J.: 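There's a structure below that I have some questions on.
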Amino acid sequence: MALVARPRSLSASSSSHHFRKPVPLNPRPICSLHINSSSSPFTEKHSVERYQRDQWLYKNQFGRTSLCSIPPDFNSTRENDIALQLPELKKLLQVLREKRESKGGNCGPGNVFLVGTGPGDPELLTLKAVRVIQSADLLLYDRLVSNDVLDLVGPDARLLYVGKTAGYHSRTQEEIHELLLNFAEAGATVVRLKGGDPLVFGRGGEEMDFLQQQGIEVNVIPGITAASGIAAELGIPLTHRGIANSVRFLTGHSRKGGTDPLFVAENAADPDTTLVVYMGLSTLPSLAQKLMHHGLPSNTPAVAVERGTTPQQRKVFAELKDLANEIASVELVSPTLIIIGKVVALSPSWPHPLKEASCLVEVK
Ligand code: SAH
């Protein structure tokens with residue numbers, strides 16, 4: 001069984017309470033672009049708009065720089081646009097260094113904040129995150145930081161996209177480390193924005209480690225991880241007395257790029273544990289098979305949620321044995337989070353809530 005649902009906030013009867021767009025603090029972009037931006041709330045597809053907003057300079061075919069001339073062959077240029085920012089970045093670094101020297105050069109390094117931005121809905125940001133975002137000189141952000149969150153950035157700050165997307169050349173992790181370090185050493189307040197929580201499958205630990213080894217202090221501001229944000233959105237308690245006594249976050253992604261990193265399946269196949277799988281779309285068919293092989297009932301309730309907590313959210317409910325096929329049939333794409341466990345049937349959107357939920361609760 002499966003159900004594909006649009007977000008509540010988009011349905012006519014919805015009491016849309018948390019998709020309200022915040023009042024943007026920035027001036028309007030210099031020009032509006034209509035380049036196949038689809039409806040993604042995330043930044044990957046909008047990065048050119050972001051560069052425009054920041055007045056990153058583009059060279060047109062006559063070699064002149066222009067604020068608004070996006071070259072005609074946008075796709076081929078897109079691969080280069082980060083490289084095009086380098087002169088601007090260097091200039092910015094130079095300005096910061098000069099400013100610092102003019103003050104006698106004896107002030108310490110700037111601050112680096114690793115900030116979690118939650119799964120997409122800007123109202124899930126912490127107050128601390130909003131304060132730091134608004135005071136930043138430079139912000140480096142990933143693919144899963146939503147545009148609504150970036151609208152909170154102060155008008156004088158610089159935004160730099162450093163996300164990694166298949167087929168899209170961007171910064172390597174080492175380059176990101178160097179950028180953070182150079183700007184912090186020049187005295188800037190540098191904010192590294194990461195979707196969800198920076199310390200949950202976010203490589204925040206690596207960046208923190210690198211900077212601390214270079215003597216830079218790193219402040220971490222937690223974010224609502226996709227599991228919490230999406231479970232709340234769907235009305236799924238990740239733990240529930242008598243139904244799930246633990247919750248486990250796992251990644252479906254293989255570090256070496258293989259498709260079968262699922263050695264955890266044996267331990268994870270516990271009917272009393274809720275499993276939340278990050279980055280699990282491609283390996284789900286294999287994971288589901290293994291979980292069932294190791295004893296997880298094939299009718300365990302499950303859900304896959306694409307672009308959770310955003311107005312474009314889509315979700316597919318199914319029993320574990322059917323989930324991979326149902327996901328394929330509606331072509332969910334990344335970012336998608338998968339929740340597997342009896343608690344999923346407690347969601348008001350579970351297709352057979354009453355029947356399933358009454359079977360689930362243990363009679364003590
Ligand atoms: N640090 C992030 C996780 C980054 S890993 C966090 O704490 O949430 C990226 C994976 O997170 C995605 O592949 C997807 O599985 C999940 N994810 C993050 N945001 C999501 C969203 N809005 N909707 C669905 N899945 C999301």
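This is a predicted model, so every value here is computed, not measured. Whatever order the structure lists them in is the order used to number ligands and atoms, beginning at 1.
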J.: Would the Phe249 and Tyr278 ring centres measure less than 6.0 Å apart?
T.: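 Yes; Tyr278 has its ring centre under 6.0 Å from that of Phe249.
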J.: Taking N or O atoms only and a 3.5 Å limit, does Pro119 qualify as a polar contact for ligand 1?
T.: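 Min N/O separation from ligand 1 is below 3.5 Å for Pro119.
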J.: Can any side-chain N or O of Glu306 pair as donor or acceptor with the backbone N or O of Gln313 at less than 3.5 Å?
T.: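 No.
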J.: Could you say whether the N/O atoms of Val277 and ligand 1 ever approach to under 3.5 Å?
T.: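 It does not: no N or O of Val277 is found under 3.5 Å from an N or O of ligand 1.
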J.: Is it the case that ligand 1 has an N or O less than 3.5 angstrom from some N or O of Gly196?
T.: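 There is no such contact.
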J.: List every atom of ligand 1 that sits less than 4.0 Å from any heavy atom of Leu144, numbering the atoms from 1 in the order shown and giving each element.
T.: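 In order of number, 9 (C), 18 (C).
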J.: N/O to N/O below 3.5 Å, does that happen between Phe201 and ligand 1?
T.: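 Among all N and O atoms of Phe201, none is under 3.5 Å from an N or O of ligand 1.
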J.: Tell me whether Arg307 reaches ligand 1 (any heavy atom closer than 4.0 angstrom to a ligand atom).
T.: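 Arg307: in contact with ligand 1 (<4.0 Å).
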J.: Would you please determine whether Thr309 falls within less than 4.0 Å of ligand 1 on a heavy-atom basis?
T.: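 Not so, Thr309 does not reach ligand 1.
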J.: Taking distance alone, with N or O pairs closer than 3.5 Å, would you say Gly202 contacts ligand 1?
T.: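 No; every N/O pair is 3.5 Å or more apart.
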J.: Between Arg192 and Asp142, does any NZ, NE, NH1 or NH2 come within less than 4.0 Å of an OD or OE carboxylate oxygen?
T.: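 Here Asp142 pairs with Arg192 in a salt bridge, since their nearest N and O are under 4.0 Å apart.
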J.: Short list, please: which atoms of ligand 1 are under 4.0 Å from a heavy atom of Asp197?
T.: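 So the atoms of ligand 1 that pass are 1 (N), 6 (C), 7 (O).
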J.: Which ligand 1 atoms are under 4.0 Å away from a heavy-atom of Thr225?
T.: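 Selected atoms, number and element: 6 (C), 7 (O), 8 (O).
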J.: Can you tell me if Gly195 contacts ligand 1 (heavy atom of the residue under 4.0 Å from the ligand)?
T.: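 Yes, that is the case, since the closest heavy atom of the residue is under 4.0 Å from the ligand.
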J.: Using side-chain contact (heavy atoms from CB on, under 4.5 Å) as the criterion, list what pairs up with Met292, not counting sequence neighbours.
T.: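 With sequence neighbours excluded, Met292 shows a side-chain contact (heavy atoms from CB on, under 4.5 Å) to Ala288, Gln289, Ser298, Leu320, Lys321, given in chain and number order.
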J.: Can you sort out which atoms of ligand 1 are near Val305, meaning under 4.0 Å from one of its heavy atoms?
T.: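 Answer for ligand 1: 24 (C).
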J.: Considering residues at least two apart in sequence or located in another chain, which fulfil the side-chain contact (heavy atoms from CB on, under 4.5 Å) criterion with Thr126?
T.: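 By the side-chain contact (heavy atoms from CB on, under 4.5 Å) rule, Thr126 matches Lys128, Ala129, Ile221.
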J.: Run the contact test for Ile230 against ligand 1 with a 4.0 Å cut-off on heavy atoms, strictly below, and give the result.
T.: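 Per 4.0 Å heavy-atom rule, Ile230 contacts ligand 1.
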